[in-house]
**Student:** 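Provided herewith is a single structure, encoded as structure tokens, for subsequent inquiry.
Index from 1, following the sequence. Since this is a predicted model, take the numbers as computed values, not measurements.
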Amino acid sequence: PVGRGGAPLPCHFGNVAVLASFVSVMQARCFAPAATQQTEAHVVQLSLTNRRGPPPASAHRVAFVYYDATRPPSVFNVAPEYADVALRTPLSVRGENYAPRAALSCMYSEYGEYVRTGSTYSEFKVLGVVPASFVDVGHVRCDSPLVQAGTEFEQVSVRVTTDGATYSESSAEFTYFTSPEITEVT
């Protein structure tokens with residue numbers, strides 16, 4: 001694989017170089033090498049150069065995420081721990097094995113209920129599924145869904161999916177509250 005004019009076109013995934021295929025003056029095709037670290041999700045810097053050797057310090061780099069697509073993500077905690085039922089509250093969800101995929105989402109269900117993971121099915125009441133924003137392999141952001149005031153629950157479980165089908169077995173909880181209403185001032 002060579003670039004225009006016969007120059008080598010190496011893609012650098014962190015410290016690992018692979019040769020790219022020239023597609024056009026605006027595009028090259030690289031195949032990611034197998035992950036060099038343990039099976040935990042991690043990020044490496046991806047760069048493309050038109051010369052041999054390591055990329056120069058000035059080379060443009062983008063983040064490339066390795067993750068284990070064979071196992072669901074995990075959820076450790078969520079912040080803040082409280083959300084107003086009438087507002088979409090931005091939440092930070094911490095865990096592991098997150099990836100920037102189109103199906104990355106957070107699911108909210110009644111506290112203590114279970115969701116489908118793999119081939120296991122359980123009854124649960126889903127309150128909402130919302131898109132998540134990828135921050136890094138251990139952090140996503142998503143908004144809490146709006147729920148009707150006066151709903152009978154307070155605690156809600158948050159789970160994450162990267163494929164839109166299998167959700168994390170672990171969850172984190174947050175509590176909905178209803179803002180006080182001023183009815184009279186004397």
Side-chain angles (χ1 to χ4, degrees), residues 14 32 35 37-46 60-186:
Q37 293 185 3
Q38 67 280 11
T39 60
E40 297 300 318
H42 63 281
V43 177
V44 297
Q45 294 299 308
L46 170 61
H60 179 72
R61 291 172 169 79
V62 295
F64 182 83
V65 177
Y66 282 100
Y67 76 104
D68 184 353
T70 64
R71 68 180 179 89
S74 296
V75 173
F76 301 144
N77 60 55
V78 62
E81 295 177 359
Y82 301 93
D84 190 317
V85 294
L87 300 174
R88 291 194 186 278
T89 303
L91 300 175
S92 284
V93 182
R94 302 285 182 162
E96 64 182 12
N97 205 37
Y98 299 152
R101 299 193 55 201
L104 183 64
S105 304
C106 292
M107 182 185 66
Y108 300 87
S109 63
E110 288 187 9
Y111 175 72
E113 300 294 328
Y114 298 101
V115 296
R116 185 184 83 174
T117 55
S119 60
T120 305
Y121 295 87
S122 299
E123 294 288 324
F124 65 97
K125 182 177 180 184
V126 174
L127 304 172
V129 175
V130 298
S133 299
F134 179 81
V135 178
D136 64 44
V137 295
H139 183 196
V140 296
R141 289 192 180 109
C142 48
D143 292 340
S144 64
L146 296 176
V147 294
Q148 293 181 355
T151 304
E152 295 180 15
F153 62 88
E154 288 184 358
Q155 280 198 317
V156 173
S157 294
V158 181
R159 290 180 167 80
V160 174
T161 182
T162 56
D163 64 8
T166 304
Y167 288 84
S168 55
E169 292 178 20
S170 57
S171 66
E173 284 68 41
F174 77 96
T175 303
Y176 273 115
F177 64 89
T178 304
S179 293
E181 202 175 298
I182 299 172
T183 58
E184 184 179 327
V185 176
T186 58

**Student:** Under the side chain to side chain donor-acceptor pair (under 3.5 Å) rule, what pairs show up with a residue in residues 72-87, not counting sequence neighbours?
**Tutor:**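 Residue pairs passing side chain to side chain donor-acceptor pair (under 3.5 Å), neighbours aside: Asp84-Ser179.
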
**Student:** Just so I know, are the side chains of Thr162 and Asn97 near enough to count as touching, which here means a heavy-atom distance under 4.5 Å?
**Tutor:**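 The answer is no; the side chains never approach within 4.5 Å.
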
**Student:** Indicate whether the side chain of Ser171 and that of Glu173 have a donor and an acceptor atom separated by less than 3.5 Å.
**Tutor:**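 Looking only at side-chain atoms, Glu173 and Ser171 do form a donor-acceptor pair, the distance falling under 3.5 Å.
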
**Student:** Suppose we screen for side chain to side chain contact (heavy atoms under 4.5 Å, CB included). Which residues come up paired with Asp163, at least two apart in sequence or across chains?
**Tutor:**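 Listed in chain order: Arg101, Thr161, Ala165, Thr166.
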
**Student:** Partners of Pro90 by side chain to side chain contact (heavy atoms under 4.5 Å, CB included), sequence neighbours excluded?
**Tutor:** Asp143

**Student:** Between atom CE of Met107 and atom SG of Cys142, what is the distance when rounded to the nearest 0.5 Å?
**Tutor:** 11.5 Å

**Student:** Of the non-hydrogen atoms in Ser170 and Ser168, which two are nearest, and what is the gap between them?
**Tutor:** O-OG, 2.9 Å

**Student:** For the OH atom of Tyr98 and the OH atom of Tyr67, what is their distance to the nearest 0.5 Å?
**Tutor:**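 Here the rounded value is 14.0 Å.
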
**Student:** For Ala32, give me all partners under side chain to side chain contact (heavy atoms under 4.5 Å, CB included), at least two apart in sequence or on another chain.
**Tutor:**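 With sequence neighbours excluded, Ala32 shows a side chain to side chain contact (heavy atoms under 4.5 Å, CB included) to Phe13, Phe64, Tyr66, given in chain and number order.
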
**Student:** Please say which of Pro72, Pro73, Ser109, Cys106 ends up in a side chain to side chain contact (heavy atoms under 4.5 Å, CB included) with Arg159.
**Tutor:** Ser109

**Student:** I need the Tyr176 OH to Leu127 CG distance, nearest 0.5 Å.
**Tutor:**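 Result: 6.5 Å between the selected atoms.
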
**Student:** Quick one: closest heavy-atom pair of Phe174 and Ala83, and the distance?
**Tutor:** CE1-CB, 3.4 Å

**Student:** Which residues pass the side-chain hydrogen bond (donor to acceptor under 3.5 Å, both in side chains) test with Ser92, sequence neighbours left out?
**Tutor:**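 Result, side-chain hydrogen bond (donor to acceptor under 3.5 Å, both in side chains) vs Ser92: His139.
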
**Student:** Any idea which heavy atoms bring Val140 and Phe134 closest together, and the distance?
**Tutor:** CG1-CA, 4.3 Å

**Student:** Search all heavy atoms of Pro145 against all heavy atoms of Tyr108 and return the closest pair with its distance.
**Tutor:** CD-CD1, 3.3 Å

**Student:** With Thr70, which residues qualify under side-chain hydrogen bond (donor to acceptor under 3.5 Å, both in side chains), at least two apart?
**Tutor:** Asp68

